[in-house]
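Below is one structure; the comments refer to it alone.
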2 protein chains.
Amino acid sequence: MSSLNKMLGIMTLFSDQKFAWTIEEMEARLSLPRSTLYRYLRELVDAEFLTSLPEMGYTLGPKIIELESIVQRQDPLITASRPLMKELVAEFGGVAALCRNYRQKVLCVHQEQGADGFRSGYLKGQSRPLLMGSASRVIFAHLPNQMVAKLFDDHADAFRLAGLGSDIEAVRQSLKTIRQRGWDVTIGQVTSGVTGVAAPIFDGRENVAGSLSVVLRRTDLSEERLSVIADKTTFCARAITRALSDSGEEESNPNVRPGRSLSRLIPTI
Amino acid sequence: MSSLNKMLGIMTLFSDQKFAWTIEEMEARLSLPRSTLYRYLRELVDAEFLTSLPEMGYTLGPKIIELESIVQRQDPLITASRPLMKELVAEFGGVAALCRNYRQKVLCVHQEQGADGFRSGYLKGQSRPLLMGSASRVIFAHLPNQMVAKLFDDHADAFRLAGLGSDIEAVRQSLKTIRQRGWDVTIGQVTSGVTGVAAPIFDGRENVAGSLSVVLRRTDLSEERLSVIADKTTFCARAITRALSDSGEEESNPNVRPGRSLSRLIPTI
DNA sequence: CATCTATTATCGTATTGTGGTATTTAAGGC
DNA sequence: GCCTTAAATACCACAATACGATAATAGATG
C-alpha cells in the first residue's frame, strides 16, 4: 500500500460516530508507527484538511468547508437545480432532494426544505445504496444494462429484498417499467411514514447524472395528487437536464477538441 | 517537497474561478510528469476526493460533501450555535454568521438567513483576514498579545488601513476597547451598505474559538437599536461559550488523562 | 475496422519515505 | 520559577518505494 493511500486513509476515519481521533487511537486503528503518523498529520494540518484540537485529538479542518462551498457554488448540477427545488418545496412542502450517483452509491448533494418544517432522514452528504428509495431506483433504472447484470450477479438477494425481482429478467422488467413511466415512487422504503417521488436527471447525452426527488411525510397520497407531484418533479428534472446540456456545450473547454460526447457531466463509474 | 505534499497540492487547485482541471492544465501548473500525475489522481479518485468528468477533466468528489456534512452535524461549535442563530435572524432579520479562526484567517463556518432575503457577501466557506469586519476584529481583539505584536510587525500597514492604529500602543488600546465593550461593530468594512455586529465565542478556558455576528443591509442603525442587537448577540455568544465548556467537559475522552486544559475547542495556531 | 485519446502497466534506478530513538516544545501543577 | 508530563518534531542509516520514460491497453468515435 502506497504512502499516499495510507495518508488518505486518515481522512476516512472521521464519521458521525467519531468526530475526533487521538494519536493513540489512529496508531491502533491504522497500525502505523507514531513518527510516520505525525508526518502525515503535519502534512494534512498544513494543508488545512485537518486541525488539531488540544486534548481531543485531530479533526476535520477548514479546507473541507471551503472546498464544499466551492462545490455548492460551482457544480453545474447543483446550481441548475437549486431554484427549481425551491419552487417544488414552495408548492408541495416536505423536502426536495438532489442526488447524484458516484460509482455504486447515490449521494444526496443538496436539499431544500419546505415551510412545514419536515426534515428528511436522508440528509445532504449521506449516501444510500442504489436499490432502495425512489431517488436511488430511478437512477438505477437508467444505468447501462451490463452494470445492472453485474450488480445482480453480485447481490441477487438485495434485489429480492428491494422487490425488484428474483431473476434477472424480472429485474429488467421492473426497471423498464420505471423508465417508461419516467419517474418512481416508494413509500416507507427509506424512512417509514415517508413517501418519495423521484425523476431522473441526464447529462447532454443519454447518461443518468442523478435524480430529483420530493419527499413528504405522508403515506396516503391520492392517485391524482401523486400524479400532480410526479408530473412537476419530472418537469423540473427535465429542465435541469436541459440546463446541463446547454451549459455543457457552451462552457466546454476550447482546449479540448470535441472528440467524444460533449457535456457529459456524469462522473466515470 | 514530499509526494504527500504534491498530492495535496492537487486539491488546492480547485476554486470558484476554476472548478475543473484537465490533465494538461495540471501538468502545466504543477510541473509534474503525466505518469506521476495520473498516479496521484487515481489515488484521489479512488478515495473519492476527486471525480473525473469526461471531456471536462477532474473536479471535487463526493468525499468533500460527505466530510463537510459530518462537520455540520458533529462540530460542537456549529451544533451549539445553530438554534441561537435561527433565533437571531428571526428577531433581527439579515444574516447570522458563525466564524472560526484557523491560524491567521477567519472562516465563516455557518450562516442562517432571515426572512428578508438578504444574503451576506461573506458566504459560508469563505475566509477573511483577521483585521477587517467585526466578525474578524472581535476575534483578533482576544488573541494572545504576542501574536498581535508579531502580526503588527509583519503587516503594520494593514493595521493602519483597518483603522486600528499606526503604532503598537494605539493598536493595543483599540483592541482593549473592543474587549471591554464585549462586542464590535463595523459599517461597510466588508461590504458597503452593510453593518456587522459581532461578539466573541470562547472555549472552556479563556481562548477565543470564534465569533457570532449579525449582518444587516443598513448603515443607519440608531444607538438604541444597535445596543439591542449587540446585547442579544453577546448574550447568544456567551450561551454558546457555556455550551462549549459544558460539552467539552462531559465529552472529554476518558482515555486521555486530564493533564492540561480540557474543553479547549480552539484549534492550535 | 481504423483511429484517436485517456488511462494504466512496466520496470530499472535512486530518490525519498521509513521508523526507531532522542530531543524539543509547551502547558500545568506545585 | 522549576518540575512533570504529553505532544510534536528532528535526526539518520537503511532500503523500500515512488519516480518517470516508454509501451500497452481500453474505450469511444466515425
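When reading the values below, keep in mind they use all heavy atoms of this one structure, side chains included, and skip hydrogens, waters and symmetry mates. Residue numbers begin at 1 in each chain, while the letters A, B, ... track the order of the sequences.
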Five-pair end axes of the helix from C/dC1-D/dG30 to C/dA27-D/dT4 and the angle they enclose, rounded to 10°: 60°
All salt bridge (Lys or Arg N to Asp or Glu O under 4.0 Å) counterparts of B/Lys150, not counting sequence neighbours: B/Asp154
Gap between atoms CE and C1', on B/Met26 and C/dA6 respectively (whole Å): 13 Å
Stepwise salt bridge (Lys or Arg N to Asp or Glu O under 4.0 Å) test for A/Lys63 and A/Asp46: CA-CA 10 Å; A/Lys63 197 61 143 201; A/Asp46 283 350; over 6 Å; no
Summary of side chain to side chain donor-acceptor pair (under 3.5 Å) pairs that have at least one residue in residues 132-145 of chain B, sequence neighbours excluded: B/Arg137-B/Asp184, B/Asn145-B/Arg172
Contacts under 3.5 Å, N or O only, protein and nucleotides 17-21 of chain D:
unit_1, atom_1, unit_2, atom_2, d
D/dA18, OP1, A/Ser3, N, 2.8
D/dA18, OP1, A/Ser3, OG, 3.3
D/dC19, OP1, B/Tyr40, OH, 2.6
D/dC19, OP2, B/Arg39, NH1, 2.1
D/dG20, OP2, B/Thr36, OG1, 3.1
D/dG20, N7, B/Arg39, NH2, 3.3

Shortest non-hydrogen contact from B/Gln74 toward A/Phe19: CB-CD1, 3.4 Å
Whole-Å gap separating P (D/dT9) and CD (A/Glu43): 11 Å
Rounded distance in Å - CH2 (A/Trp21) to P (D/dA8): 17 Å
Length of the line joining B/Arg42:CZ and C/dT10:P, which is rounded to integer Å: 11 Å
Euclidean distance, atom CE of residue A/Met56 to atom P of D/dA7 [Å, nearest integer]: 14 Å
Could you write out each protein N or O paired with an N or O of nucleotides 13-16 of chain D at a distance under 3.5 Å?
none

Audit row: B/Glu24, B/Arg34, salt bridge (Lys or Arg N to Asp or Glu O under 4.0 Å) steps and yes/no: CA-CA 8 Å; B/Glu24 287 83 1; B/Arg34 268 181 128 81; 3.2 Å; yes
Modelled atom types, side-chain donor and acceptor of A/Glu68 and A/Gln72, under 3.5 Å: yes
Any B/Tyr38 side-chain nitrogen or oxygen under 4.0 Å from OP1 or OP2 of C/dT8: no
Closest approach of B/Thr241 to B/Asp203 (non-hydrogen atoms, all atoms of both residues): CG2-O, 4.3 Å
Selection residues 70-80 of chain B - residue pairs positive for salt bridge (charged side-chain N to carboxylate O under 4.0 Å, His left out), sequence neighbours left out: A/Asp16-B/Arg73, B/Asp75-B/Arg100
Length of the CG-P vector between A/Leu41 and D/dA10, whole Å: 15 Å
Atom-to-atom span, CG of B/Asn5 to C1' of C/dT16 - whole angstrom: 13 Å
Smallest separation among heavy atoms of A/Ser211 and A/Ala135, with atom names: OG-O, 2.8 Å
Polar contact flag, side-chain donor to acceptor under 3.5 angstrom, A/Glu43-B/Ser2: yes
Distance in angstrom units between A/Leu53 CG and D/dA6 C1', rounded: 16 Å
Output field: ring centroids B/Phe159/B/Phe140 closer than 6.0 Å: yes
